[in-house]
Amino acid sequence: MKLNMYQKIRLKNGKFGVVIEIFNNGEAYMIDILTPDNEYEQETVYPKDIKSVVVEVEQPFIVA
């Protein structure tokens, strides 16, 4: 599976990140990870490091 820019992923180590750069057509990815102190750290990860892709679901907003 090829990832796109700004997709949210979960790594096998449990961290979540957002893809900010794609290297060599998906051989590696640079991701932003939000740390507990609300700072961002960047990490290069490989497809073998990725556990899953987070998919957002839009639902209608209904006012009661």
Side-chain angles (χ1 to χ4, degrees):
M1 174 179 199
K2 184 179 170 189
L3 298 176
N4 295 316
M5 293 289 292
Y6 310 113
Q7 275 191 296
K8 186 174 181 180
I9 60 171
R10 182 176 184 172
L11 302 176
K12 290 181 180 175
N13 65 11
K15 294 180 183 179
F16 288 91
V18 176
V19 176
I20 58 170
E21 193 167 345
I22 301 169
F23 299 112
N24 295 328
N25 202 25
E27 287 182 18
Y29 302 92
M30 177 72 68
I31 62 171
D32 266 346
I33 298 172
L34 184 62
T35 64
D37 58 349
N38 290 325
E39 298 288 329
Y40 283 97
E41 64 180 37
Q42 294 181 343
E43 188 174 322
T44 301
V45 298
Y46 299 91
K48 65 177 179 57
D49 303 320
I50 301 170
K51 180 177 184 177
S52 59
V53 177
V54 177
V55 179
E56 292 184 49
V57 177
E58 182 180 6
Q59 297 181 342
F61 180 73
I62 300 171
V63 179

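Note that the structure is predicted; figures quoted are calculated from it, not measured.
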Counterpart residues, side chain to side chain contact (heavy atoms under 4.5 Å, CB included), relative to Phe23 (two or more places apart):
Glu21, Ala28, Met30, Thr44

By side chain to side chain contact (heavy atoms under 4.5 Å, CB included), Glu39 pairs with (sequence neighbours left out) Thr35, Asp37

To which residues is Leu34 joined in a hydrophobic cluster, defined by side-chain heavy-atom contacts under 4.5 Å among Ile, Leu, Val, Met, Phe, Trp and Tyr, whether direct or through other members?
Tyr40

Partner residues of Glu41 under the salt bridge (Lys or Arg N to Asp or Glu O under 4.0 Å) criterion, sequence neighbours left out
Lys15

Output the distance between atom [atom1] ([X]) and atom [atom2] ([Y]), rounded to the nearest 0.5 Å.
| X | Y | atom1 | atom2 | answer |
| --- | --- | --- | --- | --- |
| Ile33 | Ile9 | CD1 | CD1 | 8.0 Å |
| Ile22 | Glu27 | CD1 | CD | 12.5 Å |
| Leu11 | Ile31 | CG | CD1 | 4.5 Å |

Pairs involving residues 2-13, ordered by first then second residue, that meet side-chain hydrogen bond (donor to acceptor under 3.5 Å, both in side chains) (sequence neighbours left out):
Lys2-Asn25

Side-chain donor-acceptor contacts of residues 47-64 below 3.5 Å, not counting sequence neighbours, with atom names and distances?
unit_1, atom_1, unit_2, atom_2, d
Asp49, OD2, Tyr46, N, 2.8

